[in-house]
4 protein chains.
Amino acid sequence: MAKKKGQKFEQIIDAAVKVIAENGYHHSQVSKIAREAGVADGTIYLYFKNKEDILISLFEEKMGSFVIRSKERLASETSVEQKLKLLIEMHLKQLEADYDLAIVTQLELRQSNLALRSRINEVLKGYLGLIDSILAEGMEKGFFSPDLDRRMARQVIFGAIDEVVTNWVMKDHKYELVPLADSLNQMLLTGLRKA
Amino acid sequence: MAKKKGQKFEQIIDAAVKVIAENGYHHSQVSKIAREAGVADGTIYLYFKNKEDILISLFEEKMGSFVIRSKERLASETSVEQKLKLLIEMHLKQLEADYDLAIVTQLELRQSNLALRSRINEVLKGYLGLIDSILAEGMEKGFFSPDLDRRMARQVIFGAIDEVVTNWVMKDHKYELVPLADSLNQMLLTGLRKA
Amino acid sequence: MAKKKGQKFEQIIDAAVKVIAENGYHHSQVSKIAREAGVADGTIYLYFKNKEDILISLFEEKMGSFVIRSKERLASETSVEQKLKLLIEMHLKQLEADYDLAIVTQLELRQSNLALRSRINEVLKGYLGLIDSILAEGMEKGFFSPDLDRRMARQVIFGAIDEVVTNWVMKDHKYELVPLADSLNQMLLTGLRKA
Amino acid sequence: MAKKKGQKFEQIIDAAVKVIAENGYHHSQVSKIAREAGVADGTIYLYFKNKEDILISLFEEKMGSFVIRSKERLASETSVEQKLKLLIEMHLKQLEADYDLAIVTQLELRQSNLALRSRINEVLKGYLGLIDSILAEGMEKGFFSPDLDRRMARQVIFGAIDEVVTNWVMKDHKYELVPLADSLNQMLLTGLRKA
DNA sequence: AATGAATGAGTTTTCATTCAT
DNA sequence: GATGAATGAAAACTCATTCAT
């Protein structure tokens, strides 16, 4: 069955990102992905349980490594303010660097059914946990108010970043994304209101 | 063809919301919607161009009337701060009052393909314009900073509200939504950072 | 039920010829014919039993009047040779004068199912009888050989004329049809072989 | 896609001839053809682009091989008169030997739409070319008149044979077809008129 | 491990026809 | 007689998945 890892596993994931970004999820037949990956249709099923499993594996793979990289990078930072800014920057940088991946995560992955979305959320937990730990540290250090609603804060941060990226994708990445990090960070930290 | 309005038009829209919320978009066959609406399958096509058109019409209908109601309500409010709070409240109230509709807009509608999403965005423009006008007024009145990035502010506001609602839906509306409006409004206005 | 004759009956027949010639039989919905005829869909069914009945009635109407006219015209002719030539000429003239009708009889009418084709053949019998009477007279008068196979001769004459007309229609009536009558007549009378 | 040739390709063609002859084109569901061929519905689409493609492929296959056989056979014949007679004989023999095929070519194939008929004519060109070459040779050798209208002669020959076969089919092949070849040939060569 | 030919379930949409007004 | 809104049956085609080689 699914033998995670292996050269072909990566090949298929990468082919899937490309094919789905180009054709959209519903026009990305398994056979098309197989052709792009240079393997036979049946081979897909040696590495993935089914078509959905490609999508979720793709997300796990890309998001997983992103969370690991982010954790490492944030560890070397002491200031809470810097940590949040850095996280936003890394988020934007990762997707700006791989537009195909951005299309898949921001648009195509959402076309999946409810069951799949639950599994996606499972993967997202790692990322949301990262945000949460920054919030917890900030509250402890007195950088954030002690009665901050952490769940809501997490949702606001994620919702805002996500919306910014989605807009960038839907506008055909016509402008640069990473430069927005600072202003987005400020807006989240100090709000819209004039000081 | 599409004879917008008429009793049957409404009947079918309402049936679609119910059926899609219960079964998910991909398991909501036209015949199932027709049965729920108490009309023949073919009748659907006297009022809608195709199955997708039901979905987009549904959104236009519900979102359109929401925007109109919001506009009227906001007009009677003078304070910018109150306006934003009111908008958030109305947004949350509308979806909390109709959980089926919330499921459809937050989950099922997003499973649509790119072409459909473009049309959805078209409808959303009315709502985003509402946010924008509040921001513009706030900047003029000095409530918001004069160098506020309005596009980003709009995305942050919408992304945050949307994420809050989606989480509520995915948590099976186990908690109350409207009470979150105030805290969400505060977070958007003053940010996460301790004053 | 079917109230043959009446102004609307003619209107619908003429609309059908036009619509079918323009759109082809399978794209000529009853509603399209009704619109062209300036009547409601349901009105069609006051004059015709069903859609097929329009087609067969159309053919009966047009072919019937053609056979009557031909009979009258041939009666005033005494020479067998002239009669055959005249029949061919009238056949070609009738269809050259009404290209829409030619499209319908040569192409669209043949797309009908077997049951309908039987009824068409019924109508054709009048025409084939006309050919037959010329052949009988010719044999009696010694113009044709006494051991001529009349059934086959009838098929050869009809098949040849029909094929000539069909070719003309399929070549978008780019050349004139009636001028071919004489040469076609000669070929049928004296054959291909050099005298 | 269309993997022309292969055992299944033939199987499906033969099943289609049988099913269409029995039920008529419009009542020959793809699933019915598949069942008769002993393959799954989907398999049809590995060998044919769509349902129409079965029909046209069937005609190409059967007509194509007939033209090739005819060409070979005619090559060994020197007399023009014999060649024409032989061609007629082979035409009648081929269809008399396969009544199902005759039903399909004479009746069902004509129920196809205009687009398909164009493709059928394309296939027919090979056969008409065969007739044409006999005519050309005959004119050269002085067997036919030098001012014979070749296009019309071709239409007369084809139209006559075709009509004879169609009548035979519509009369439920109650009589023998091949014995008519000689008399048909004579009629085409020397015409109806008494010498 | 890899292949790819074969499978067959599943659904939107059209349009001839009806019938209450 | 005339209307036209409503009906509902009917079928081609796709594509994820399997399994013999």
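By convention in this document, chain letters (A, B, ...) are assigned in the order of the sequence lines, proteins followed by strands, and residues within each chain are numbered from 1.
- As rounded to whole Å, 16 Å separates atom P of E:dG8 from atom OH of D:Tyr45.
- Nearer the 5' end of DNA chain F, as judged by each residue's closest nucleotide, is the contact made by B:Ala40, out of D:Gly42 and B:Ala40.
- At F:dT3, one or more side-chain N or O atoms of C:Thr43 fall inside 4.0 Å of OP1 or OP2 (strictly under the cut-off).
- Rounded to whole angstrom, the span from the NE2 atom of D:His27 across to the C1' atom of F:dA9 amounts to 12 Å.
- In this structure, B:Asp41 atom CG and E:dT12 atom C1' are separated by 9 Å, rounded to whole Å.
- Across A:Ala21 and A:Asp100, no two heavy atoms sit closer than the pair CB-OD1, 3.5 Å.
- Within the structure, side chain to side chain donor-acceptor pair (under 3.5 Å) pairs that include any residue of residues 27-37 of chain C comprise C:Lys18-C:Glu36 (at least two apart or interchain).
- Between A:Ile20 atom CD1 and A:Leu55 atom CG the span is 5.0 Å, to the nearest 0.5 Å.
- Between B:Tyr47 and the phosphate of F:dA6, there is a side-chain N or O to OP1/OP2 separation shorter than 4.0 Å.
- Between B:Lys8 and the phosphate of F:dA6, there is a side-chain N or O to OP1/OP2 separation shorter than 4.0 Å.
- Residue B:Ile12 comes nearest to B:Ile33 through the heavy atom pair O-CG2, 4.1 Å, listed as atom of the first residue, atom of the second, then distance.
- Atom P of nucleotide E:dA2 and atom CZ of A:Phe48 are separated by 12 Å, given to the nearest angstrom.
- The NZ-C1' distance, from C:Lys32 to E:dT14, rounds to 12 Å in whole Å.
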Under a cut-off of 3.5 Å for both distances of each Watson-Crick or G-U pair, what dot-bracket string does DNA chain E give, using [ ] for crossing pairs and | for inter-strand pairs?
.||||||||||||||||||||
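- We find that NZ of A:Lys49 is positioned 16 Å from P of F:dA16, with the value rounded to whole Å.
- Closest-nucleotide positions on DNA chain E for A:Val39 and C:Lys51 were compared, and the one nearer the 5' end corresponds to A:Val39.
- Between B:Tyr47 and B:Phe9, the ring planes are tilted. Angles from 30° to 60° get that label.
- Of the candidates E:dA16, F:dA16, F:dA12, the closest approach to any side-chain atom of D:Val30 belongs to F:dA12.
- Each of B:Glu52 and C:Glu52 lies near DNA chain E, and the nucleotide nearest B:Glu52 is the one positioned closer to the 5' end.
- Of the listed nucleotides (E:dT14, E:dA2, F:dA12), E:dA2 has the atom at the smallest distance from the side chain of A:Leu46.
- The nearest pair of heavy atoms linking D:Thr166 to D:Leu107 is CG2-CD2, 4.3 Å.
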